[in-house]
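A short write-up of the structure that comes next.
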There are 4 protein chains.
Amino acid sequence: MAFLPQVDICRNILDVTRRLLIEQGTTRLSIRMIAREVGCSVGTIYVYFENKDVLIHALIEEGFDKLVEMQEQTEKAVSDPLQRLSALCRNYIRFAMQNPEYYEIMFMLKPERMARYPAEKYRKARHSLEIIAAALEQCGRRGLMSVAEPYLEAHLIWAFMHGVISLIGVKRIDRRFEQDEITEAAIQRIIEMNLKRK
Amino acid sequence: MAFLPQVDICRNILDVTRRLLIEQGTTRLSIRMIAREVGCSVGTIYVYFENKDVLIHALIEEGFDKLVEMQEQTEKAVSDPLQRLSALCRNYIRFAMQNPEYYEIMFMLKPERMARYPAEKYRKARHSLEIIAAALEQCGRRGLMSVAEPYLEAHLIWAFMHGVISLIGVKRIDRRFEQDEITEAAIQRIIEMNLKRK
Amino acid sequence: MAFLPQVDICRNILDVTRRLLIEQGTTRLSIRMIAREVGCSVGTIYVYFENKDVLIHALIEEGFDKLVEMQEQTEKAVSDPLQRLSALCRNYIRFAMQNPEYYEIMFMLKPERMARYPAEKYRKARHSLEIIAAALEQCGRRGLMSVAEPYLEAHLIWAFMHGVISLIGVKRIDRRFEQDEITEAAIQRIIEMNLKRK
Amino acid sequence: MAFLPQVDICRNILDVTRRLLIEQGTTRLSIRMIAREVGCSVGTIYVYFENKDVLIHALIEEGFDKLVEMQEQTEKAVSDPLQRLSALCRNYIRFAMQNPEYYEIMFMLKPERMARYPAEKYRKARHSLEIIAAALEQCGRRGLMSVAEPYLEAHLIWAFMHGVISLIGVKRIDRRFEQDEITEAAIQRIIEMNLKRK
DNA sequence: TATGAATGAGCATTCATTCAT
DNA sequence: GATGAATGAATGCTCATTCAT
């Protein structure tokens, strides 16, 4: 034990919590469960996180950081505005699919049900929207789209993606459709929806 | 008691539960809370509902009945297929806005987190989708739209609406936008999205 | 229904209760369970039996009546005292094996755990002992046995049988032994135990 | 607290449970009752015992350990096989009389009524039987008894003692007899029963 | 006679959190 | 920093019993 440095209990707690969040959701998730899974005592959790909410807020923040960083990189990496837009959409959906637990706490918790709602943290979410709005504007400037209100349009795009992700998450999409089929169709509609009519 | 005619305890339980569901969500909602609010004993709840799940399932069924009935009436009432489609969308969103508690248990619960998942009840949801698909087909037949796969398209429309509803529900739409502005814009995009390009 | 006379609800309740007693024991047995199984309402049970204890006491009485009647008949039917003694023993054990629910409430309930202990009813049990004591005396008079204290001896015989029955009931007899093997061996020992040494 | 050294809560819980078991039996015994009597909160019980069954199983094990240890000591201490046999019997009965709560959970619970039946724990009971069988065999080897099947005979002896203990436990022995009178008579019969007829 | 709604107390169990060590 | 005992309140649910109908 002395030679096996306790690497990073804090990290461990966060990762275990993420895993448990998928199966259990926030309410069913319990500190005892986390402790048992991490292999530490309940008290130890409280050494690192003031309470259950703080622990979840930490994960929410982490999620936003990951998402925003990914989108910022795409913004930089893809120069063609139309391709950038679809890359941003594809990324967003992929992020949700691969990190359902992050996605759930980032975008599916009703604020009125969170005891200690950290409004500031959610404001980070805005940045991800602004990146989409910027891509739309760029498309507009290049004459590819005619977007009167890019920020509103970005909300609509976001909503569309969020709807697809959510319905997949609650397993309500008809089994006849593959996940990819649905998500790709959605992305296609999103692009077309804004493309300049000739 | 003599002055407060005990109208219908069962109905009362259902209504109180609906109300509490908005504030608390399914997991936090407790039988004791319901009993306290209804003004009866815990045991009384169990006279009418075998257990907590059965109570919630009853509400889910009620919700689907309301929604499907509303959509069926619209289907009959509006003959113009394009207007019918937009009426169906508008209705769906209005239903969700006015009955957030119904909407949540109907469309937002992860099946794997429900102890006793009543798959059959959820199957009713399909009918609401089929009504939209039928409207799309009708539009196609009239040459107003060219919908290759009406059922897939109906899913996409549903997803779009569900996304708007969900984001409004978790209060993530920028305060600068009115609810109506967003929902109407979404409906407009939904129609346009499918309109035949000239 | 009108043509299907409600035969004898009371009898029905008693029989269902007996059946449930085997699986559940007195404590776990519930009025609701009985009502469900009988196919009547809980209230109906209370029409016939003042409360749960009274219902069980009725069964206890019934059990004693059956046992004593059986033993009295044997007493009359078998004239040879030695054969009578072994017949009485065999009967007793068979009664216990075939009516474990009667036997349990008749002989295994701790009086201090019965809310309303009907001491008088248990006094009936004595008669069954007296019949055994009488048989022992008869054997004594015929010179087959020399029983100094027939009543004490009857108690010991009873205890022996009760022990075999109880251990079989809690499934503690080694599986290598057949039930019959054990009970017959016990009866043999009981007879020998009292037989006059030559 | 400072004045009442919290010696050993775990031990305390076990002892209180034992006491309550006599009055209430396993089914009526409740965690709340134990907590109230121990003077701790309900949760505290669960700190030491995973659930009610585990708590009772712990007592069962404790009981078997006590009984077997006592019998093993007697086996070693008493060299004369006949005296050893009667000492083993006397010990067994004394154990049951002095620890009725242990005895009840060790030998009177129907396995089918125990939710989580710890079969392995009950297997310990066998050892106590084997010690008696060994004593019988020893008597046989010394020509004091002629025991064809010592293990079967041990079962019969056990049953006899169990019967006496049980009837005393349910207070069914006629008040005219002292407990000692009955138990000593039983032990005497047990020895005689197996003694070689001259 | 028969019903079944209603109750209040009770059940085993789990929880987030505190705090002395 | 890490522990884990301790708590009090809460959870879903069952119970024997009552009583107006």
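In what follows, every chain begins at residue 1, and chains take the letters A, B, ... in the order their sequences are listed.
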Check the distance between [N]'s [atom2] and [X]'s [atom1] and give it to me in whole angstrom.
{"X": "Ile13(D)", "N": "dA12(E)", "atom1": "CD1", "atom2": "P", "result": "14 Å"}
{"X": "Asn12(D)", "N": "dA6(F)", "atom1": "CG", "atom2": "C1'", "result": "15 Å"}
{"X": "Ile34(D)", "N": "dG10(E)", "atom1": "CD1", "atom2": "P", "result": "16 Å"}
{"X": "Phe49(A)", "N": "dA16(E)", "atom1": "CZ", "atom2": "C1'", "result": "16 Å"}
{"X": "Ile9(D)", "N": "dT7(F)", "atom1": "CD1", "atom2": "C1'", "result": "11 Å"}

Exercise. Under a cut-off of 3.5 Å for both distances of each Watson-Crick or G-U pair, what dot-bracket string does DNA chain E give, using [ ] for crossing pairs and | for inter-strand pairs?
Worked result: .||||||||||||||||||||
Exercise. Residues two or more places apart in sequence or in another chain: which of them pass side-chain hydrogen bond (donor to acceptor under 3.5 Å, both in side chains) with Ser30(D)?
Worked result: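 Not a single residue meets the side-chain hydrogen bond (donor to acceptor under 3.5 Å, both in side chains) criterion with Ser30(D).
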Seminar exercise, completed: Going 5' to 3' through nucleotides 11-21 of chain F and flagging B where a protein heavy-atom sits under 4.0 Å of the base, S where only the sugar-phosphate is that close, and - otherwise, we get BBBBBBBB---
Restricting to side chain to side chain contact (heavy atoms under 4.5 Å, CB included), what partner residues turn up for [X], sequence neighbours left out?
{"X": "Ile22(D)", "answer": "Pro100(D), Glu101(D)"}
{"X": "Ser166(D)", "answer": "His162(C), Met108(D), His162(D)"}
{"X": "Asn12(A)", "answer": "Val16(A), Val38(A)"}

For this session: Give a yes or no on whether the ring-centroid distance for Phe64(A) and Tyr102(A) is below 6.0 angstrom.
Result: no
Scan for salt bridge (Lys or Arg N to Asp or Glu O under 4.0 Å) pairs involving [range], sequence neighbours excluded, and state none if there are none.
{"range": "residues 45-62 of chain B", "result": "Arg11(B)-Glu62(B), Asp53(B)-Arg116(B), Glu61(B)-Lys121(B), Glu61(B)-Lys124(B)"}
{"range": "residues 104-115 of chain C", "result": "Glu104(C)-Lys110(D), Glu104(C)-Arg113(D), Lys110(C)-Glu104(D), Glu112(C)-Lys171(D), Arg113(C)-Glu104(D)"}
{"range": "residues 24-47 of chain B", "result": "Arg19(B)-Glu37(B)"}

Exercise. Between Cys40(A) and Cys40(D), who's closer to the 5' end of DNA chain F by nearest nucleotide?
Worked result: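 Result: Cys40(A).
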Exercise. Are any of Thr44(D)'s side-chain N or O atoms less than 4.0 Å away from OP1 or OP2 of dA5(F)?
Worked result: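 Result: no.
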For this session: Give a yes/no answer on whether the side chain of Ser41(B) brings an N or O atom under 4.0 Å of OP1 or OP2 in dA6(E).
Result: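 For dA6(E), OP1/OP2 do not have a side-chain N/O of Ser41(B) under 4.0 Å.
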Exercise. Considering only dT3(F), dT7(F), dT7(E), which nucleotide approaches the side chain of Val47(A) most closely?
Worked result: dT3(F)
Exercise. Ile34(D) versus Leu55(D): any side-chain heavy-atom pair under 4.5 Å?
Worked result: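 Contact flag for Ile34(D)/Leu55(D) side chains = yes.
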